[in-house]
Each structure stands twice: as C-alpha cells, then as structure tokens.
Student: 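Quick one: structure below, then a few questions.
Counting from 1, the numbers follow the sequence of the chain as shown.
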Amino acid sequence: MLTSLRNLKIAQKLLLTQLALMSSSLLVFLAIALGSQYHTQRAQLIRDINTQMSVVAAAIGPAVKFDELESATQSLIPLTENKNIRIVMILNTEQKQLGSFEPNIDDAPSPWHWLYRYFGDFTINTPIIVDGKSEGVLGTVVKQNQVVDRLIGFAWSNALAIIAAMLTGWSVMWGLNRYIVQPIHALQQFVSDITTYHHYDQRVRVTSHDEIGMLGKGINNMLESISQRDAQLQTELQHRKEIEKKLQFLAHYDKNTQLLNRHAFEEHMSAQLSAKIDENTHVYLLMLDLDRFKSVNDAFGHHTGDKLLLQVAHRLRGNMSQDDNVFRLGGDEFAIILHAPSRAQIERVCQRVIETLSAKFIVDDHEIHIGVSIGVAYFRPGVDSKTDILKNADVALYWAKDAGRNTYRFYLDAVDVNPQQLKHLREELHYALQNNELELFFQPIIHTQLLKIIGFEALLRWRHPSKDLLTPDRFIHLAEGSGLIINIGEWVIDQSLKQLAMWQQTFDVDLFMNINISSRQLEDDSLATTIHHAIERHRIAPRTVNLEITESMIMRNVEASKHVLYALKQLGIGIAIDDFGIGYSSMNYLKELPVDILKIDKQFTAGIPHDKVDIAIIDALVALAVSLNLKVVAEGVESSIQFEYLQYKHCHHVQGYLFSAALSASQTTTFLADFPESIPPAFRKIASTNA
C-alpha cells in the first residue's frame, strides 16, 4: 500500500490527501448529525407518548380506583393505536399488574429491520393520580423502529449531500491541485531536460514569489553557477590542452630550431630497430656536426649562434622530404634518419647537405661561413643495438673530421670490413693484449731552432695475425665501445714510459714522451694513479711526460675535465691540446685549464705556403701560444718550405714526414743513434752544428 502511494505523482498524492481529509471530516459530521438526529427523534417520541399517556392516565384513574378494569382497558385503546408502543400495562401501587394490552399492528416490512435489534425497547411510566392520590402506574414498552426508519432516511439524505459535496470538492481540488502542481511539474521537466541534454544556459521562468518561485530562482542561480563553472572549466581545459600541446612539443621538439629533439631521436631509433624493414629499402643514420660553429659563438655571441642554428635547421629541413626525420641533438649536433634503396642516394644527400651548409649565411648583418662533417652508420635490425649504431655513427663522424672536415664518411668503409668481420675483429681485440699483438710506434718531435730531437709522440698499432699492421682508426673505436680502452691505455702509458726511460739513459735525459689519452681514459678516476705509478716504476722525471687530449674531449664537460687535468698537473706532467684550431677553440679554457702545449693540426700546415687563410690561422695560433707562454707543435710538416716558414714564425716544435714517419721502437733507437744522418740532408749540417 505504502509502496503504491510512493509511486504516485505529487498531484495524485495531494488529491488523495485532500479527499481523505474531506471524507473523514464529512463522516465525522455525518456521525454527529446522526447521533443528534437519533436523540432528537427519540426525545420527540418520548414526549409524544408521555403526552398521550398523561391523557389516558387521567381517563382511567377512576376506573383503576374502583377496580373497573374492563372500563380501564377500554380506555387504553388510543395507546394501542400508536405504532411505537409494543405493550401497555396498568400497575397498582404495589407494582402488581392489574391488566395489560398488546397492540396487534401489522407493520410493513422495512429493508432496515435488521438494524432494529441494535436499538432496544425502553419503558415509559406515568402515574395514575386521582384526587391528588396515586392509584397506580400506567406503563408502556416503547419500540424504536420508527426512530430507526427516520434515522435511515436522514442518513440517506445526508449521504447524498456528502457525495455531492465530495464530487464538488474533488473537482475544485483537482483544479487547484493542477494550478499548484503545474509549476512543480514544469520544474521537474526542466531539471530533467537539463540533466539529459546539459543545456546549462537555459533558465526557469519564475511567475510567483512563493516557495516554488524561490525554488525556481535557486535553480537559476545554480545553473548560473554551473554555467560560470563550465565556462571556467572550458577555459582551463583549453589552457591545459595548450599547455599539454606545448609540453608535448617541448618533449619532442627543439625550441630554437623547431626540429625533433634528442628525446624524439631516442624514440625513433628504438622504433626503427623494432620495425620490419623492407628488403629493398635500407635505413641510415647521419650524424652531423657543424664545423667552426664554436668560433661563431665566440666572435658574435650565442644570440647570433642561435639564429645561425635556426637557419641551418631550415636548410636541412628544406633538403629533406616530409618522410625524412631531422633531429637536433644539442649544441651544433644534428642527426638525420633516412630510408633509401641504395648507398648512392645517401651519398647524394650528404653531398647536397654539405653544399647547402657550406654556402654563406647572413645573420645579423654578418657574413658567416661554416661547414659540416657527416658520419653515416647503417641500421642492421637484429644485429646492432641502438648504442652500437650511435657509436658507429660517432666514429664515422670522427673520421670525417679527421679527414679534413666538411666531408662525410661511412662507418663500414672506414673499418673496411663487413658486419660479421667487424664483430669478429671486436672479439679478437680482447685477446690482443695478452697475445702481445699491440705495439707502440714513435714519431720524433724536432726543435725548430736547434734542429734537435727533443721528444716523441707514442702511437698505438695492432699487429694483427692476419691483417698485418692496423692503425688506431681501424680498432680504437672498438676498444672504446667495449671498455678495453682503459686496459689498453694503461698498457700504452706503461710501455711508452718504459721505452722513454731506456732512451733517456742511452741518449738524452731531457727527451720527453707525448701520450694520447682517449675520452674514456680522461673520465676514468684512476688515470692520475696509473700515470703516477708508471712514473715511479720507471724512475723518470714527470716533466718529461706530456698527455695529449683533444678539444672535443674537454668541451664535453669542461668542469669535469678541469678537475681531472689539475689532478694530473699536480704530478708535474705536461698537458697538450691536440688538433688545436679545428674544434671548439676557445680563449676561455686556455685561461682556465693547465695547458702547456698547443698542437696545430696538419690541415693548417698543409696550406703553407699557398693558402693565405691557413697561413693567417697559423700566425694567429703561434702568436696566441707565445702570448700565453705555451709551447707550439706543428703537425704534418712534409716539406722544407713548411718547416722554414714555421721556423721563421718561431713555432717551437714540429713533427711530420719531412723528418720521419712513425717508427717502431727499434727503428726509433736507430734514428736516435744515427742523428743527424737520420734527418734530411738539407738539415744535417745545421743539426750537427747545434749538437
């Protein structure tokens, strides 16, 4: 019952409540009216019978006094005609019945006769008075059938009136309920539509100031708040999307050049290695490093350098198709991943890139010329790891720079072996040390003014069992990639100082040895300890030991390099910058680092005497070194004209084929023993005089 009521609409519940209230009120009213009517009818009946009995009692008084019962009984006939009297009795003063009379009246059957039994008979007694003296009692037993009949009639008339009143009230209440509930229904429908369609810009039409009107205003205020919140959320969402878009861009793109960044490069490399490659298409990694970019930053500032990088990015992007991926890895390093059916197409791309970046740039009204060196490595899914490919491309880039810059090199060309042979060569290198296959060669360093042998540069060779003598460019990258470079470096330091000790004892105690250090060795914390132990073990003066490092090694981490170099300097050894002028030449690190020697790269020496630019660079480098109290060594001296020019410019030391190529230890010993006959005839007399 209650569940059914809960499911009804408010209008129905309100109508049922009103009808129940009205019905209960009318029923109470009917009950009160019926009770009142009953008492009224019964009282009227009693009055009528009392009146009639008083008349009869007075009439039968003498007859009762003189015991004339028959005459008295005859006087009772008027009472017996009253349909409401069941029995008439005459009683003496002792309450003894003297006579009675029971009317024989046939009442018509009433449909409500079953109610008669609920209304019992009652007795009315009237004293019989004669001459002021009671002679007995006239009694009657009264039935209430007529009262019940009248009461039923009264009830029917009132019931019809109640029904009419309820119908009239129902129609009135239905109309009023509709008027009251209709705004509530409209609010419910409005809220339902808002919930379904989320049109929060709609508003309730308020037509009253009652609770429903206040509810409508509350809903409008809530919708206004929701609209404002939605607008704010939309703004925040749009702002968040823009931020996410920017973050996504920053996560995968370089802010300055708008090219893909190193993070995207790493992801793309991983994707390429896991993807299925078409048999007719190969994937190549091109590592690009701008030539002489550092000098642009030093000369014009980083702002101009950034603008130059942006132009470089535009030129690179313009030379590639939409499917090619161009990345900026940081600084002046770029990378390109290309799909190509043949190596020839990659060569054309490299040539086009070199030509494009070699053309002059106009930045902030400055005419700038740079170049680019490119190292190319081939993707071999399932064979090489990402680390292998990057290392191979870096090695190829190193060879491109070593070849004179503004050129390109393929990794597999440089090692001159196929991938399986390269893997086998890497494995063989593990046993080269223990099999005594590694060997040191030495190139003499000549004093330009004294024409005297003053030291040597130790150069590593691998006397391979089947490939004859291999130079470092054929295997040193394998040693760096596998970690063998630390053990090999320790061996080079020990053997070169051991050989130096023998030559100092035999020929000249002031002879010095230059030893090349790899980037992995420079990062090794045990380097200073290794050199210190070697110096003590072979009992040589620390001042006769120089370590050669490249500019690029220093610039990878200037602060860390500074820390290591100062630790080495405390041993008393010298620090030489190899290939000076072709990398990240900077006055700053020359001031900050404990550098003793600058070695001019052979590509500048080769320009003497015809290339005015190379000559100008050499003049500037020598003047710079002299002003900083540094020694200068020119590499790659192959002609007398080159030597004489360097001698004239007061370049301190030279080395090159003019005097000697790199020699084995035994050949170097002979070279020292035969000096000055071991040098070109044109210099023997001068050397003999200075000796």
Side-chain angles (χ1 to χ4, degrees), residues 24-163:
S24 60
S25 300
L26 291 174
L27 288 175
V28 170
F29 169 77
L30 180 60
I32 295 173
L34 287 175
S36 176
Q37 182 66 18
Y38 169 71
H39 288 291
T40 301
Q41 292 293 330
R42 189 173 184 273
Q44 182 66 37
L45 177 61
I46 292 172
R47 285 195 301 270
D48 290 346
I49 293 176
N50 276 332
T51 300
Q52 192 174 7
M53 287 179 66
S54 297
V55 173
V56 172
I60 67 172
V64 173
K65 180 177 181 182
F66 298 107
D67 291 329
E68 294 180 2
L69 296 177
E70 184 177 354
S71 177
T73 303
Q74 289 296 323
S75 297
L76 296 177
I77 292 176
L79 289 176
T80 59
E81 292 178 353
N82 192 327
K83 294 181 180 181
N84 295 307
I85 296 175
R86 190 180 298 278
I87 301 172
V88 181
M89 300 172 293
I90 300 174
L91 304 173
N92 60 15
T93 54
E94 286 82 13
Q95 297 297 315
K96 182 179 178 182
Q97 183 173 329
L98 299 178
S100 66
F101 184 81
E102 187 173 344
N104 186 15
I105 300 174
D106 294 331
D107 293 333
S110 172
W112 309 104
H113 65 277
W114 55 274
L115 290 174
Y116 294 163
R117 65 178 178 268
Y118 297 108
F119 296 86
D121 298 342
F122 60 91
T123 302
I124 301 176
N125 294 321
T126 301
I128 301 173
I129 305 298
V130 178
D131 297 330
K133 182 180 178 181
S134 176
E135 297 294 338
V137 177
L138 177 64
T140 58
V141 176
V142 182
K143 57 182 180 181
Q144 301 188 69
N145 294 358
Q146 190 175 13
V147 173
V148 172
D149 290 340
R150 289 178 180 177
L151 193 61
I152 293 299
F154 179 81
W156 270 114
S157 62
N158 279 273
L160 292 175
I162 289 173
I163 292 174

Student: With sequence neighbours left out, what residues match Asp48 under side-chain contact (heavy atoms from CB on, under 4.5 Å)?
Tutor: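 Listed in chain order: Gln44.
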Student: Would you please name every residue forming a side-chain contact (heavy atoms from CB on, under 4.5 Å) with Leu30, sequence neighbours left out?
Tutor: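 Partners of Leu30 by the side-chain contact (heavy atoms from CB on, under 4.5 Å) criterion, ordered by chain and then number, come out as Leu34, Asn158, Ile162.
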Student: If I take atom CD from residue Gln52 and atom CG from residue Asn84, how far apart are they, to the nearest 0.5 angstrom?
Tutor: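 Going from the CD atom of Gln52 to the CG atom of Asn84 covers 9.5 Å.
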Student: With a 3.5 Å distance limit and no angle check, can you tell me whether Thr51 reaches the backbone of Arg47 through a side-chain donor-acceptor pair?
Tutor: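 Yes, the answer is positive, given that a donor and an acceptor are paired below the 3.5 Å cut-off.
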Student: Mind checking the CE-OG1 spacing from Met53 to Thr140? Nearest 0.5 Å is all I need.
Tutor: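 Spacing of CE (Met53) from OG1 (Thr140) equals 3.5 Å.
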Student: Apply side-chain contact (heavy atoms from CB on, under 4.5 Å) to Val137 and list each qualifying residue two or more places apart in sequence or on a separate chain.
Tutor: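 For Val137, the residues satisfying side-chain contact (heavy atoms from CB on, under 4.5 Å) (neighbours in sequence not counted) are Leu91, Gln95, Asn125.
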Student: Could you tell me the separation between the OG atom of Ser54 and the CD1 atom of Ile49, rounded to the nearest 0.5 Å?
Tutor: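 One finds 11.5 Å between OG of Ser54 and CD1 of Ile49.
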Student: Stepwise, does the side-chain contact (heavy atoms from CB on, under 4.5 Å) test hold for Leu138 with Ile90?
Tutor: CA-CA 5 Å; Leu138 177 64; Ile90 300 174; 4.1 Å; yes
Student: Does Phe154 have any ring pair (Phe, Tyr, Trp, His ring centres under 6.0 Å) partners at least two apart in sequence or in another chain, and if so, which?
Tutor: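 In terms of ring pair (Phe, Tyr, Trp, His ring centres under 6.0 Å), with neighbours along the sequence ignored, Phe154 is linked to no residue.
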Student: side-chain contact (heavy atoms from CB on, under 4.5 Å) between Met89 and Val141: does it pass, once the steps are laid out?
Tutor: CA-CA 8 Å; Met89 300 172 293; Val141 176; 4.3 Å; yes
Student: Just to verify, what does Gln144 make a side chain to side chain donor-acceptor pair (under 3.5 Å) with, not counting sequence neighbours?
Tutor: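 For Gln144, the residues satisfying side chain to side chain donor-acceptor pair (under 3.5 Å) (neighbours in sequence not counted) are Tyr38.
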Student: Determine whether more than 12 heavy atoms belonging to other residues, nucleotides or ligands lie under 6.0 Å from atom CZ of Phe122.
Tutor: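 Counting neighbours around CZ of Phe122, more than 12 heavy atoms of other residues, nucleotides or ligands fall under 6.0 Å, so yes.
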Student: Starting at CD of Gln37, measure out to CD1 of Ile152 and round the result to the nearest 0.5 Å.
Tutor: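 Nearest 0.5 Å value for the CD-CD1 distance: 11.5 Å.
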Student: Going by the rule salt bridge (charged side-chain N to carboxylate O under 4.0 Å, His left out), which residues pair with Arg86 if we only count those two or more places apart in sequence or in a different chain?
Tutor: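 Asp121.
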